[in-house]
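Some notes on the structure that comes next.
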Amino acid sequence: MLNLIVAPENISHKGEKITKRIVKYLKLKNEEYAVYFSHNLKEVGEFSSSLTGQGETEFVVIGDDSVIHEFINAAKDLNKIKFGIIPTSKNDNFASFLKINSNPIKAIEQILERKVENIDYLIVNDQKVINNVLIGASAELFDIYNNLKVKNGLTKKFVMMKYGNKFEGIDLRLNSKNFKTKGDTIFDLNISNGGNHYKKQMSPLSNIQDGLFNLNYVAILDKIDRKKYLKKYKKGTQIYDEKTEQYWIEDLVITPAHPDEKIRTVIDNQIMLAESIKVNIVENGIKLFKNTHWTKY
């Protein structure tokens, strides 16, 4: 039976409308299903924990990265379940990276084929992360935008114009088995399983099936260059900037140079403050209904 987990209203006002269209289609196809509407992300996790604990194994998540994040973190034994994703917006980061069809009927049609593809996910401290991790300017801008009452394309541009060159960097130390400890004042840093963030290409060469994640970062820039660098994310050209450091690795530990400082981090569209960040990758840890024609690079 397909269990439909729907984004709460405060995450997506389109969730209920999209679900009604999907239900109508499932009835037409005589598919057995159940629908779970939630009031908040906590309830998404409660549904996930309860249903997977009862032995349910097939799911459809209707929502963005934050909903998927809550679902996979609460699931009992992630290896035993399979799920598909139906985006509620063309801006849904992980779904857009996977090239999942934004038309819900076409998306559910592909899910019902029940073809499964194994994909990687990240472990960030104690959290399973499906898409990416932002630190530095991108995280600061996201936090400002997230606290606005009105969220749309215009307010995003406003945040960039007003604050894009104001972040003065954060002193961090980076340690991995793949390189010696690095210390620098970081302007922007991202760790990517999936490569998109709100139509920005944080990591256009990301691969969700290679057992590696992409780390790319840039040290503090002159004030005049900061907005220019952030704008390069629209086309993913920042990875070709000579100032960008880039690695494909399996593990990473990030600590602040000043022990009393916390690191503001965005994980799957959620803000986290941490004393340190430890990242590992779980290869083929998720069984995804292949409702996409995503191809490896």
Side-chain angles (χ1 to χ4, degrees), residues 10-11 41 64-66 68-70 73 91 93-94 122-149 151 155-176 181-203 213-221 223 225-227 229-233 238 243-245 247 251-280:
N10 67 325
I11 299 295
L41 286 174
D64 69 0
D65 294 13
S66 62
I68 302 167
H69 179 94
E70 202 69 29
N73 276 279
N91 292 334
N93 301 317
F94 197 61
L122 305 175
I123 296 287
V124 181
N125 292 357
D126 60 344
Q127 296 283 303
K128 299 179 182 73
V129 173
I130 197 164
N131 193 37
N132 52 34
V133 180
L134 309 180
I135 295 171
S138 293
E140 298 296 323
L141 293 175
F142 177 88
D143 190 34
I144 294 168
Y145 173 75
N146 202 45
N147 283 304
L148 295 177
K149 289 183 179 179
K151 298 178 180 65
T155 52
K156 278 180 193 172
K157 287 182 181 178
F158 167 78
V159 169
M160 170 66 82
M161 292 300 295
K162 186 172 182 179
Y163 301 102
N165 61 0
K166 292 188 177 180
F167 181 62
E168 296 295 338
I170 179 171
D171 295 330
L172 297 175
R173 289 184 178 142
L174 314 179
N175 187 36
S176 171
T181 301
K182 300 174 180 291
D184 217 332
T185 302
I186 303 297
F187 175 65
D188 201 52
L189 178 151
N190 65 80
I191 301 159
S192 297
N193 183 42
N196 293 0
H197 180 72
Y198 287 162
K199 291 188 177 180
K200 293 183 179 180
Q201 297 186 51
M202 311 304 289
S203 176
F213 58 82
N214 178 222
L215 163 68
N216 72 76
Y217 70 90
V218 64
I220 193 64
L221 301 163
K223 202 164 188 176
D225 294 324
R226 294 174 191 172
K227 282 183 191 175
Y229 188 89
L230 292 172
K231 286 179 180 178
K232 290 183 177 182
Y233 284 118
Q238 82 286 350
K243 297 183 180 70
T244 300
E245 296 276 349
Y247 303 89
D251 70 284
L252 181 68
V253 176
I254 304 174
T255 53
H258 310 293
D260 58 338
E261 191 169 10
K262 289 192 175 182
I263 306 170
R264 187 185 308 279
T265 309
V266 178
I267 55 170
D268 289 344
N269 286 0
Q270 299 182 62
I271 295 287
M272 177 178 77
L273 286 175
E275 294 177 356
S276 64
I277 305 290
K278 182 180 180 181
V279 186
N280 294 98

So do the side chains of [X] and [Y] get within less than 4.5 Å of each other, counting heavy atoms only?
X    : Y    : answer
D184 : E245 : no
M202 : N196 : no
L174 : Y217 : yes
F94  : N269 : no
V159 : F142 : no
R226 : F167 : no
N193 : V129 : no
M272 : V124 : yes

Shortest non-hydrogen contact from [X] toward [Y]:
X    : Y    : answer
N214 : Y247 : ND2-O, 3.1 Å
D268 : I130 : OD2-N, 2.9 Å
H69  : Q270 : CD2-NE2, 3.2 Å
I135 : I254 : CD1-CD1, 3.8 Å
N190 : S203 : OD1-CB, 4.3 Å
E261 : P256 : O-CG, 3.2 Å

Do other residues, nucleotides or ligands put more than 12 heavy atoms under 6.0 Å from the [atom1] atom of [X]?
X    : atom1 : answer
E168 : CD    : yes
K162 : NZ    : no
K232 : NZ    : yes
K151 : NZ    : yes

How far apart are the C-alpha atoms of I267 and N125, what are their side-chain angles, what is the distance that settles it, and do they pass the side-chain contact (heavy atoms from CB on, under 4.5 Å) test?
CA-CA 11 Å; I267 55 170; N125 292 357; over 6 Å; no
Hey, could you give me the [atom1]/[atom2] distance between [X] and [Y], rounded to the nearest 0.5 Å?
X    : Y    : atom1 : atom2 : result
D64  : N91  : CG    : CG    : 10.0 Å
L41  : N10  : CG    : CG    : 6.5 Å
L230 : D225 : CG    : CG    : 11.0 Å
E275 : L273 : CD    : CG    : 10.5 Å
L122 : Q127 : CG    : CD    : 12.0 Å
F158 : Y145 : CZ    : OH    : 13.0 Å

From CA spacing to verdict: side-chain contact (heavy atoms from CB on, under 4.5 Å), I277, V253:
CA-CA 6 Å; I277 305 290; V253 176; over 6 Å; no
Before giving the answer on side-chain hydrogen bond (donor to acceptor under 3.5 Å, both in side chains), spell out for D171 and T185 the whole-Å C-alpha distance, their side-chain angles and the decisive distance to 0.1 Å.
CA-CA 4 Å; D171 295 330; T185 302; 2.5 Å; yes
If we ignore hydrogens and angles and just use 3.5 Å, is the side chain of Q201 paired with the main-chain N or O of Q238 as donor and acceptor?
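No, Q201 side chain to Q238 backbone: no donor-acceptor pair under 3.5 Å.
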Is a side-chain donor or acceptor of N165 paired with a backbone partner of K227 at a separation under 3.5 angstrom?
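No; judged by distance alone, with no hydrogens or angles, the pair does not exist.
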Ignoring hydrogens and geometry beyond distance, is a side-chain donor-acceptor pair present between D188 and S138 at under 3.5 Å?
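Looking only at side-chain atoms, S138 and D188 do form a donor-acceptor pair, the distance falling under 3.5 Å.
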Residues that R264 engages under salt bridge (Lys or Arg N to Asp or Glu O under 4.0 Å), provided they are two or more places apart
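R264 satisfies salt bridge (Lys or Arg N to Asp or Glu O under 4.0 Å) with E140, D143 once adjacent residues are dropped.
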Does K156 count as lying over the ring of Y198, i.e. NZ or CZ under 6.0 Å from the six-ring centre, within 45 degrees of the axis?
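Because its charged atom sits under 6.0 Å from the ring centre and within 45° of the axis, K156 does stack over Y198.
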Can the ring centroids of Y233 and H197 be said to lie less than 6.0 angstrom from one another?
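Ring centres of H197 and Y233 not closer than 6.0 Å.
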